[in-house]
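Only heavy atoms go into these numbers, but all of them, side chains included; no hydrogens, no water, no symmetry mates. Residue numbers begin at 1 in each chain, while the letters A, B, ... track the order of the sequences. Just so we're clear, the structure is a prediction, and the values are computed from it rather than from any experiment.
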2 protein chains.
Amino acid sequence: MTDVADTVKASKAPAIARAAAVLRLLGKRGAPMGVQAIARELGLVPSTCLYVLRALTAENLVAFDPDTKRYALDAGVLTLARAWLRKDRFSDLAQPALDRLARDFGTTTLGVQVFDLDHIIVTAMSQSGHNFQLSTQVGSRFPALVSATGRCIAAFGGHTPEELKPRFDALRWDDPPGWDDWLAQVAQARESGVAVDDGHYLAGVTVIAAPVWKGGRPSHALVAIGIGAALRSELPRLKQALKGAAHTLSDQMDA
Amino acid sequence: MTDVADTVKASKAPAIARAAAVLRLLGKRGAPMGVQAIARELGLVPSTCLYVLRALTAENLVAFDPDTKRYALDAGVLTLARAWLRKDRFSDLAQPALDRLARDFGTTTLGVQVFDLDHIIVTAMSQSGHNFQLSTQVGSRFPALVSATGRCIAAFGGHTPEELKPRFDALRWDDPPGWDDWLAQVAQARESGVAVDDGHYLAGVTVIAAPVWKGGRPSHALVAIGIGAALRSELPRLKQALKGAAHTLSDQMDA
DNA sequence: GAATGTTATTCTGTATATTGAATGACAGAC
DNA sequence: GTCTGTCATTCAATATACAGAATAACATTC
C-alpha cells in the first residue's frame, strides 16, 4: 500500500493523491482512525497527514470527532456519487437491459466499468426477485482480470501476455484455472464475443460477461451471474441475449 | 462561487480545497468541461487547474476524454460513497423505521444528516410503493433551515436568532412564512418535539420532521413527506410515530 | 489562406506547503 | 508521584507546488 508514495511523487499536486489515499483508507477500514494511524499506514508524515485531514474535514468529506480525535468518512462523498450517477450514460442505458435479463433468466445482472488492469467497478445492478440472489453492491471494486469479465478484458483489451501474467498470478479464485487453460478460454471469448466463468471464480456459480465498446475500446461490460446448475440449459440463450444487449449498448454509447 | 478562494487560502493543503471544488463543480454541471471553463468558474489559474485535474484523473475521480479534452466525474467517487454507506450507523439503524413509517402511512420518508446551518444531506430514504410518491435522492443537499427540518434545527440546534435570520432570509419557499410566524412555529416544534411544514416549502405538500440526537446535539432527523390533503386525518398519529422512531434512534446512536 | 479568437499545455522563479524535530497533552505502569 | 509510551499538534527551514507569462495547437472568421 506504499505505492501511495509513487503516485504522490509523480504528481504536480501531491496533496490530492494523499487526500485520495486517505479517503480510500478510511473507506476500507470503516472504523474511525487517528492521525498517526493513518499516516503510518500510508507512509505519510504525521503533520502533513493532519493538514490533509483538516482540509478534507473542511470539505465535509471526512468527519472529525473532537472527543476521540478520530477521523472517518463523511457524507460529502455521497453528494459527489449522486451527481455522478445522475449523469453517467452507461448506467441509464444499461439499466433497462439489465432488468430485462434479470427477469427473463432469473439471474443477477451487473453493469461494470473497466478502469485498467487492476480494477473494475460495478455501476449498475439488477436482481431477479425470485429465488436466492447472488448479491453485490453498486460501487464494489474488483481486480479486472478475475472471473468472466477478466476473460473479456484479456480478450479485447489489447494487452500483451507479459502485462497479463503477473496480474493473473495475483488473482484469487475458488478453483484457479491454469495459465494455459485460461488463455484458451480467453481465445474462445474473443471468438464468440462472450466470456464464461464456470465455477472457477465462485464454486457452483456461473458468470457470463460481454464487453461494451466505446471509442474502439471495451470500456464497460454486462455481466450475468447465476447458479451453475440452474442455468445450464438456458446458457446458450443467455449468452446470446447478453451479447445482443452489449452490442446495442455499444452503439448507443458511441452515438 | 468565489468563496473557493477563501477556503483555499485558509488551508494548509490548498490543493485539496481546489480538488473538492472541482469535483463539486463537475458534479453540479453533469456535462463534461474543459480546463479553462473550470478554471474560470472557480477563479483558479488554468495551469493549476490542469494539475488538479490530472491528479484527480490519476485517482479515477475524474474521467478525461482525450479527444474532446474534457473532464467529468468518474466512478471512483462511487467507491467512496459505498464505503461510507456501509459504515454509517444512522442509515442502517434508520432504514427499518423509515420503511415501516412509509408503509404504514403511505408517505415518503427520509433520514437526513445535519452538517451546519447551510446544509443537510439525505442519507436514507424509503418510498411507499402505492400512489404517487414524492421523490428525492440519497445524497441530495438542502439548506438546513428550510421546511420542517429547518424548524427542527432552529428549535434544537442552540443557534441565536442573529445567526438564523440572514440564512432564513436567503431561503426559497413556495409560500414563504414571515419571520415572526416562523419563530412561533419553531417554538411550537421545540415544545412538541416534532416540526411540521404545511405547504410552505412545497405547495400542497406536508413535511414532518423529528430530530435524532447524538452526543447532546441534533445530528440527524427523520422526515416524512406526504400530500397535505391525504395526510390530514393521520397527521397526529404520524407525528407521534415519527417522534417515537426518532427517540428510539437517538438512544441507539449514543449507545 | 492569413488572421484572430479560442483552447490546452509547457516553462521558470518564487511564495509556500511540506517536512522532521520539538512541544504539549494525555494515559497507563510502576 | 514520576516515568514512559503514545498521541495530536506546532514551528522553522527548505524543497517544491503553484502563478503567470509564453508557447503551441486548433478552430472560426474574414
Side-chain angles (χ1 to χ4, degrees), chain A residues 1-23 25-26 29 31-59 61-74 215, chain B residues 1-23 25-26 29 31-59 61-74 215:
Chain A
M1 192 37 68
T2 325
D3 58 342
V4 173
D6 303 346
T7 329
V8 166
K9 278 253 176 74
S11 169
K12 285 254 184 189
I16 294 173
R18 281 189 278 259
V22 167
L23 289 174
L25 177 64
L26 289 174
R29 284 301 135 98
M33 300 178 73
V35 176
Q36 201 116 189
I38 298 169
R40 200 164 342 101
E41 191 93 10
L42 297 173
L44 300 179
V45 176
S47 57
T48 304
C49 188
L50 178 68
Y51 297 136
V52 169
L53 285 165
R54 285 225 252 253
L56 289 172
T57 306
E59 306 293 340
L61 294 174
V62 320
F64 173 57
D65 183 339
D67 296 333
T68 65
K69 310 258 185 187
R70 291 257 150 72
Y71 298 81
L73 275 195
D74 205 349
Chain B
M1 194 34 68
T2 324
D3 57 341
V4 174
D6 303 347
T7 329
V8 165
K9 278 253 177 77
S11 169
K12 284 255 184 189
I16 293 172
R18 281 188 277 259
V22 166
L23 289 174
L25 177 63
L26 289 174
R29 284 301 136 99
M33 300 177 73
V35 177
Q36 201 113 191
I38 298 169
R40 201 166 340 105
E41 191 94 10
L42 296 174
L44 299 180
V45 176
S47 62
T48 303
C49 188
L50 179 68
Y51 296 139
V52 169
L53 286 166
R54 286 225 250 254
L56 289 172
T57 306
E59 305 294 340
L61 294 174
V62 319
F64 174 57
D65 183 339
D67 296 331
T68 64
K69 311 260 185 184
R70 291 258 150 71
Y71 298 82
L73 275 195
D74 205 352

So, is [X] near the phosphate of [N], with a side-chain N or O under 4.0 Å from OP1 or OP2?
| X | N | value |
| --- | --- | --- |
| A:Lys69 | D:dT9 | yes |
| A:Arg40 | D:dT6 | no |
| B:Arg18 | D:dC18 | yes |

Protein-nucleotide distance (B:Ile38, atom CD1; C:dT6, atom P), rounded to Å =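 Interatomic distance, CD1 of B:Ile38 to P of C:dT6: 18 Å.
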key: Between P of C:dC11 and CG of B:Leu50, the distance in whole Å   =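 Rounded to the whole Å, the gap is 13 Å.
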query = So which nucleotide from C:dA8, C:dT10, D:dT9 ends up closest to the side chain of B:Arg54?
reply =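 For B:Arg54, the side-chain atoms sit closest to C:dT10.
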inquiry  = Would the base of D:dC7 count as contacting A:Tyr71 through its side chain, where contact means a donor and an acceptor less than 3.5 Å apart?
reply    =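 Looking at the base of D:dC7, it does not pair with any donor or acceptor on the side chain of A:Tyr71 (distance under 3.5 Å).
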Under 3.5 Å, N/O pairs linking protein and nucleotides 21-29 of chain C:
none

ask   = Looking at residues at least two apart in the chain, or sitting in another chain, which of them share a side-chain contact (heavy atoms from CB on, under 4.5 Å) with A:Arg40?
value =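 A:Gln36.
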task = Tell me, please, which residues at least two apart from B:Ala37 pass side-chain contact (heavy atoms from CB on, under 4.5 Å).
result =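 side-chain contact (heavy atoms from CB on, under 4.5 Å) list for B:Ala37, sorted by chain: B:Met33.
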key: With sequence neighbours excluded, residues passing salt bridge (Lys or Arg N to Asp or Glu O under 4.0 Å) with B:Arg70   =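 Checked B:Arg70 against salt bridge (Lys or Arg N to Asp or Glu O under 4.0 Å); zero matches.
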inquiry  = Using a heavy-atom cut-off of 4.0 Å across all strands, would you classify A:Arg70 as base, sugar-phosphate, or nothing?
reply    =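 The residue A:Arg70 makes no contact with any strand.
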